[in-house]
Visitor: 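Below you'll find the structure I mean.
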Amino acid sequence: MTAIDDLRTHLGELHDLELAGALLSWDQETMMPPRAAGARAEQLGTLARLHHERFTGAETGRLLDRAASELDGSCEDSFEASLVRVTRRDWDKERQVPTELAAELARAAARALPVWTDARERSDFASFVPALRRNLQLRLRYAECFDVAHPYDALLDDFERGLTTPEVATTFARLTDELPDLVAAIGAAEPVDDRCLHGHFSVAGQRAVIDDVLARMGFEDDAWRLDASAHPFSTEIGLHDIRLTTRYDEGYLGSALFSAMHECGHGLYEHGVPAELARTPLHSGVSLALHESQSRLWENVVGRGRPFCGWLLGPLRETFPEVFAGVDADGLWRAVNRVEPSLIRVEADEATYALHIVLRFELERALVEGELAVDDLPEAWNDGMRRLLGVEVPDDARGVLQDIHWAHGAFGYFPTYALGTIIAAQIWQRMREELPDVERSIAAGELAPLREWLGEHLHRHGRKLTPRETLRRATGSDLDVGPYLAYLRAKLGAVYGLE
Ligand code: ZN
C-alpha cells in the first residue's frame, strides 16, 4: 500500500458516510412518511457528526502529509496531486468548524423542513419564524468560524469556492440594469399564445415524453431513477446511482418536462465524472454555479431552443394528438418561451428568472448583516417583488415561503442559480464554435454530441480544479454576463418580434 492508497481508503469511508446521508435526504423528500421527520433529523445529525469528527481528526492530517511526501513532481492535474490538494483545502476549512456545530446545523435543518412544509401549506409565515431564526443563527455562528472580509463570503464559499460578495453584487447590478428594460419591451409586445400548454395532460402521457427525452440525454434505466417530489432535485447516491425528481402538473405541460430536463442536466454532470475518481472528494461537480450551468443549458438553451422544439413536437403529437395536431414548431417554441413576470421562481421564464435571484441575494445579505429581522422578511420580500418584477404577492405561500433553501439552512446558495444561467450561455457560445453542427443534431433529437462535448470539457474534471479554472477550461474565459444578455435578447427578440 502506498500512502496515496491509505489516504484513499480513509476518504472512501468518509465518502460512504456522506452518500448514506444523501440517501436519507433523498428518502426524506420522496418516500418517508411525514411523522418520521424527528427520527430522520437525529439520523442525519449523527451521520454529519461522525463524518465531521472523522474527517477533521488528526488522522486525516497525517495521511495527507504522508501522501504529499509521495507526490514529488506529479503534475498538478494528476489524480494524486489533485486528491491531496483538494482534500487538504477541505480539511483546513472543515477544521475551523466545531463538530457540535456541524451536527447541530444538520439536525436543525432536518427539523425545520417539516415545519416549513406545513407553514407553506397554510401560508403561515409566523409558524416558520422560530425554525428559520434558529437556522440563521447557526449559519451566522458558522460564518464566524472563518476569517473572511464579509460574513456572507463564508456562506457563498460553501457553494462556490472563492466567490465573493462584491463579485456577486457587481454581476447582479448588470442584471438589474438591463433585464427590466427587456421585460418591459416584451410586456409592450403582442402576447405569446401558450394555450397548447394548458389543458389536461395525464401524468402517464407526460412521463412517456419525459422518458424519451431523458433517454436521449443519457438517462440509463440501470443507473438512474426518476421520481416525483414537491421540490424537484437531483442527487448522486454513489457511482451508477443518480436520482432525479420532477413535479407533475396535469393542467400544465410546461412544468414536469423542463424540470426533468433540468435535473437530468445535473445528473449528467455527476454521472460524467470519471469512475477513477469514485469514493473520493474529487468525484462530484466542482461548484453549484457550474452545476446549474448544466441544468440550465439543458432546460432552457436546449429544451426551449427552436431546434429541440422542432423535434419535440413529434412525441407531443403522438402522445397528445388532440392538442398538438394544430400546433406547429414555431408555435410550440413561442409557447414554451412565454415571458410574464410572476410569483414563483421555479416557474419563472428566462427573462425574469434572474430577478427572483437578485431579490433573494439582497434579502440574505440584509439578514446576514443584521439589517433585516426574520420577522420583517415577508414585507421586504413583497416590496422587492414589486420593485424588481412589478408583481403583487397575494400570500406568503407564493412569496417568502416558496423555496426550501432557508428551511435547509442554505444561505448563500441562491446566487449560484443566476451565475449558472450566465455560465450556461458562455458554454453554449463556446460549444457552437467548436461543434458547428450541434443545432442540427438537436433538431434530429440527437443529444449525444452535446453530452459528449460537456463530458470532455467540463464533467471529466470533477472537483480536481477550482471553479474558476474549470470555467476557464470549458469556456476560455472568466465569468461574463455578455453572452447571456446577448442570448436572451436574440432569442426573446425573435419570439416577440422586437426590434
Ligand atoms: Zn438546478
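Every number for a ligand or one of its atoms is a count from 1 in the order of the listing.
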Visitor: Which residues and atoms, counting only protein N, O or S, are under 2.8 Å from the Zn ion (ligand 1)?
Guide: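 As for protein N, O or S atoms lying under 2.8 Å from the Zn ion (ligand 1), they are H262 NE2, H266 NE2, E292 OE1.
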Visitor: Under a 3.5 Å distance rule, please check whether S123 uses its side chain to pair with a backbone N or O of A397 as donor and acceptor.
Guide: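 Yes, because the side chain of S123 sits within donor-acceptor range (under 3.5 Å) of the backbone of A397.
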Visitor: What is the minimum heavy-atom distance between A354 and L179, and which atoms define it?
Guide: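 For A354 and L179, the tightest heavy-atom pair comes out as CB-CD1, 3.8 Å.
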Visitor: So, the side chain of Y142 versus the backbone of A102: is there a donor-acceptor pair under 3.5 Å, distance only?
Guide: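 No, the answer is negative, given that no donor and acceptor are paired below the 3.5 Å cut-off.
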Visitor: Do the ring centers of Y152 and F361 come within less than 6.0 Å of each other?
Guide: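 Yes; F361 has its ring centre under 6.0 Å from that of Y152.
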Visitor: May I ask you to check whether H240 and W224 place their ring centres under 6.0 Å from each other?
Guide: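 No; H240 has its ring centre 6.0 Å or more from that of W224.
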Visitor: Of all heavy-atom pairs between A335 and C196, which one has the smallest distance, and what is that distance?
Guide: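 For A335 versus C196, the nearest heavy atoms are CB-SG, 3.8 Å.
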